[in-house]
Structures are given as structure tokens and as C-alpha cells.
Amino acid sequence: MAELGFEVIGADTDKHKVDALAAGKVPFFEPGLDELLEKHLLTDRLRFTTDLAEAAAWADVHFVCVGTPQEKTSHAADLRFVEAATRGIAENVTKDALIVGKSTVPVGTAERLRGMVAARIPAGVHVELVWNPEFLREGKAVGDTLHPDRIVIGGASEHAEALLRQVYATPIAEGTPVVTTDLPTAELVKVSANAFLATKISFINAISAVCEAAGADVTVLADALGHDVRIGRQFLDAGLGFGGGCLPKDIRALMHRSTELGAHRAASLLQQVDEINMGQRERVLDLAIDACGGSVLNRRIGVLGAAFKPLTDDVRDSPALNVAAALHLRGAHVTVFDPEAGDTARASFPTLSYATSIEEAVEGTDVVLVLTEWDQFLVADAAHLAQLTLSPRVIDGRGKLDARTWRDAGWDFRGLGRAAA
Ligand code: UGA
């Protein structure tokens, strides 16, 4: 928002984060964000506070961007933070304002929040609440934010829409389409987008099992499918499946909400998507056990990758770490290397060993698993790495390694949905 030319206060209850940001330090890895933060601390357009009341009294437009994590037992979205942030704004506004929900919420939430806001704002002040879902990807957050592929505005009056069009004037001038709609549609666009992406991944992963059984190659198949513009090549990479802080929890929350609303077929479709996805972790585990001759007990295993995908240090629901931990539980000695996510991984899984280079992770191993497709793993010197192992066996959990290069370098190469040598 500062880059788009506005004066911004970022408010958070976490003092560590606020202090780090105020000192110019982004508390996670996101390409390009450090530079932007540094730039706008200097332009004085951006500051940070833990004082929500101060931010609520100061701003004209309030974006609610807090998390909606998965509730442990029901898998529904936990709305405590969204409610607390919205309530905090409503109770502390001192002038007419617009509250813009960006968090990913179950359909129906915004309408409820409207009632809460109306009951809490001071007399004489006019506050409107609209929904404007967020579609950025981790690792590409800066580009996705400055150049979004669409802007969805839900439930806005003419005045509120005009205000938001002012906020997004730069991307709109660049041609970003604006979709205006009601509150429930705006809420549902977000979760449906993530559910569709998840379904696409689970589709190709289900087909990868057929490929494997039939001796076909899912990578070539995906390329061929992708040439059909109705299908498209993106999100057809078969492998370990989706993880992270969004796709898994969003499909489960949508499953839960669909069931509540009586849309049982939608819920059962999403259930399958989830099951296929979690099953991929088992398939990779089975490949590793098989490569070790039926048991990984006391075997040395190198795991390349810990983040849920490249270009992030996020390990929330990371399929890579999940597999690494499962191998450890089965008695293997597992050493993990990730170029960015070593520290976050260690904080979540302290019992695993961590290396500081590919070579260190591969040294003396019985099998190597490539579980996050960082570029540096794809271009690694396979011949050199083969020399370091006890036995050069590799499992490509992401379908991105060049099988021929690795086989030519002496590796026993296995992958999901890939033809055997
Ligand atoms: C996802 C969506 O892509 C964003 O549009 C959305 O805004 C965001 O969630 C959110 O709700 O906040 P993100 O979680 O950053 O973004 O990650 P993705 O790039 O979507 O990847 C998700 C997972 O799918 C990763 O684990 C990735 O490895 C996996 N994936 C992706 C595959 O297994 N195969 C593919 O072909 C593509």
C-alpha cells in the first residue's frame, strides 16, 4: 500500500514482529519484501504499532488481514483473530471509515461481522464493511500484490466501491479486472479458487498412480494436457502434493462449511482431494522404504527440502517435513537441508538433523529424497553427489529432476508417476 502511494500503519498484537518490522527486518523470507520495507520506512509512508486503537482512530480504510487457522478438532476456520481485529477497529474508530476484509473466511462471516460492527461503532460515525479477498502466493507476494490478476470487491455501496477503486487505482490503470459482487460471492471466490487449485493438483496426482502402474510418464502426460488452453499446464505438477498455510486448511474449512450448508457433494469432492493429497506422502514414504529394501531402520537418509514449496521459509503443513519426520519415526537417521527453511524447520521438528549444504545432507546416505524443488537441487552436480553417498539412490518427490542426467551419473532414480528405468 505504501508502494502504491498511501500512508500506512501496520498494526499487530505481536510486539516482536512490530519491533522487527519497525527496524526494517521482515520476520520471514519473502523475495523483494526487505527492499520494499526499507524503502518505505525511509519515505515515512509506513510505520508499525501494537496499538490497535491508535491505528483504528487514524486510518480512513482498514484492511483486516489476520489469519484464520484450522480449528484442531472440527477443521473449521478459527475466526477469533478476525473477530478481535474487526471489533478492535469498530470500537476505536473516531470518524467515518471503510473496513475491508481480506482474511480467508467461511461464507457468511462478513454478514455477521457487519452486525457486530454496527453494534459497536460510536454514535454519529458511519462505518461500512466490505469483502476484498486476497490471492497472493507466498514467494511471489510482492509481484502478486502490486500486479494482481483480479480485484474482487464484495458488498460495497457506491461510495465504498469508489474508495477501493482509488486504493487500487494503479493496478486498475494497468488493466487488472475488477469484479464487483455481493458479500457471500466474494467470500466464496477466494476459497473456491484455492479448492480448484487443490483439485487440479490432486487430479494429476491420482493420474500419476495410474501412470506408474501402466508404465506411463506423468510429466510428459501433463505437458500434453497443458497444451489444451482449457486445461493449462500450471498446477499439473505431480508429486508430494500441496501443503502450506492455505490450500490444506482452506479445502477443509470449505468441506466443513459445505456440509453445514447441506452441499454434501461439494464436501465429498473436497474430501477426496484431501485424501489423495495426503496419500501422496504415503507413496513417497513407500518408495523410500522400498529403495532401502523393505525397512529404513538405521538407514541414513538425506532429505533435500523442508519448505512447503520453493522461495519461502514457511514449513506449515510441509509435505517434505512430514515425510522426513515419518522416516525418522521409523528409525532412519534423517538429515535435512533447505536453503532458506532450516531454522523454521528446526523450530517445528527439533529431533531431525539439519545440514548446511546439499553435500553435507547427501554424505554417507543410503537414499536421498528431493522433496522441495528448489532450483539449486535441480542443477546440482549429480555425478559429484553420487560419489558422496553410500549408495546412490534418489527419489524425486516433486517430478522436477532430469531423470536421464541422474541415471547417467550412476543414480538409481525413482519418482512418482515416472516410468522405471
Ligand atoms: C495459495 C494460492 O496459490 C494463492 O492464490 C492464495 O492466495 C494462497 O494460497 C492463499 O490462500 O493465501 P500458496 O499457499 O502460497 O498460495 O502456494 P501455491 O503456490 O498455491 O502452492 C501450494 C502447494 O501446492 C505447494 O505445496 C506446492 O508445492 C503445491 N503444488 C503446486 C503442487 O504440488 N503441484 C503443482 O503443480 C503446483
Side-chain angles (χ1 to χ4, degrees), residues 28-31 33 65-70 77 101-106 132-145 147-152 186-208 218-219 221-223 225-226 231-254 273-274 276-281 283-284 304-323 338 341 370-375 377-378 396-400 415-417:
F28 48 84
F29 174 73
E30 181 62 46
L33 196 55
C65 314
V66 294
T68 49
Q70 180 179 303
K102 272 218 161 286
S103 304
T104 303
V105 292
N132 168 225
E134 177 54 59
F135 300 103
L136 70 80
R137 294 160 292 177
E138 288 181 30
K140 299 195 170 141
V142 172
D144 285 353
T145 303
H147 313 285
D149 47 20
R150 77 284 216 191
I151 294 165
V152 175
E187 293 169 308
L188 266 178
V189 169
K190 166 67 197 186
V191 283
S192 307
N194 277 2
F196 186 82
L197 294 171
T199 303
K200 206 171 171 190
I201 298 169
S202 280
F203 172 82
I204 199 67
N205 281 333
I207 295 296
S208 83
V218 73
T219 316
L221 179 135
D223 289 343
L225 287 185
I231 298 175
R233 179 62 180 83
Q234 291 188 54
F235 275 67
L236 281 184
D237 290 328
L240 201 39
F242 56 83
C246 303
L247 261 48
K249 84 159 171 70
D250 287 356
I251 58 160
R252 289 176 196 144
L254 181 55
V273 169
D274 196 14
I276 292 167
N277 190 54
M278 297 309 285
Q280 293 303 99
R281 303 177 188 191
R283 288 179 66 198
V284 170
L304 298 181
F308 83 97
K309 66 172 189 178
L311 293 178
T312 178
D313 62 357
D314 193 344
V315 298
R316 284 176 296 168
D317 201 349
S318 164
L321 273 184
N322 201 209
V323 169
D338 189 287
V370 179
L371 301 184
T372 312
E373 67 278 29
W374 286 95
D375 274 348
F377 302 156
L378 311 188
D396 180 7
R398 287 293 180 183
K400 291 286 187 184
L416 291 175

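Ligands are counted one by one from 1 in listed order, and the atoms in each one are counted from 1 as well.
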* With distance as the sole test, does Ser318 use its side chain to make a donor-acceptor pair with the main-chain N or O of Val315 at under 3.5 Å? -> no
* Asked: Excluding sequence neighbours, so at least two apart, what forms side-chain hydrogen bond (donor to acceptor under 3.5 Å, both in side chains) with Arg150?
  -> none
* Side-chain ion pair, Arg233 and Asp223, N-O less than 4.0 Å -> yes
* To do: Give a yes or no answer on whether the side chain of Lys102 reaches the backbone of Asn132 with a donor-acceptor pair at less than 3.5 Å.
  => yes
* Is any side-chain heavy atom of Arg281 less than 4.5 Å from a side-chain heavy atom of Leu240? -> yes
Which N or O atoms of ligand 1 sit under 3.5 Å from a protein N or O, and how far apart is each pair?
from     : atom 1 : to     : atom 2 : distance (Å)
ligand 1 : 5 (O)  : Phe135 : O      : 2.9
ligand 1 : 7 (O)  : Phe135 : O      : 3.0
ligand 1 : 7 (O)  : Leu136 : N      : 3.3
ligand 1 : 7 (O)  : Leu136 : O      : 2.7
ligand 1 : 7 (O)  : Lys190 : NZ     : 3.0
ligand 1 : 11 (O) : Lys190 : NZ     : 2.7
ligand 1 : 11 (O) : Asn194 : ND2    : 2.7
ligand 1 : 15 (O) : Glu138 : N      : 2.8
ligand 1 : 15 (O) : Lys309 : NZ     : 3.0
ligand 1 : 17 (O) : Lys309 : NZ     : 3.1
ligand 1 : 19 (O) : Lys309 : NZ     : 2.9
ligand 1 : 26 (O) : Gly243 : N      : 3.0
ligand 1 : 26 (O) : Phe308 : O      : 2.9
ligand 1 : 28 (O) : Arg398 : NH1    : 3.4
ligand 1 : 33 (O) : Arg398 : NH1    : 3.2
ligand 1 : 34 (N) : Asp237 : O      : 3.0
ligand 1 : 36 (O) : Leu236 : N      : 3.3
ligand 1 : 36 (O) : Asp237 : N      : 2.8

* To do: Kindly compute the distance separating CD (Glu30) from CG (Leu311), expressed to the nearest 0.5 Å.
  => 8.0 Å
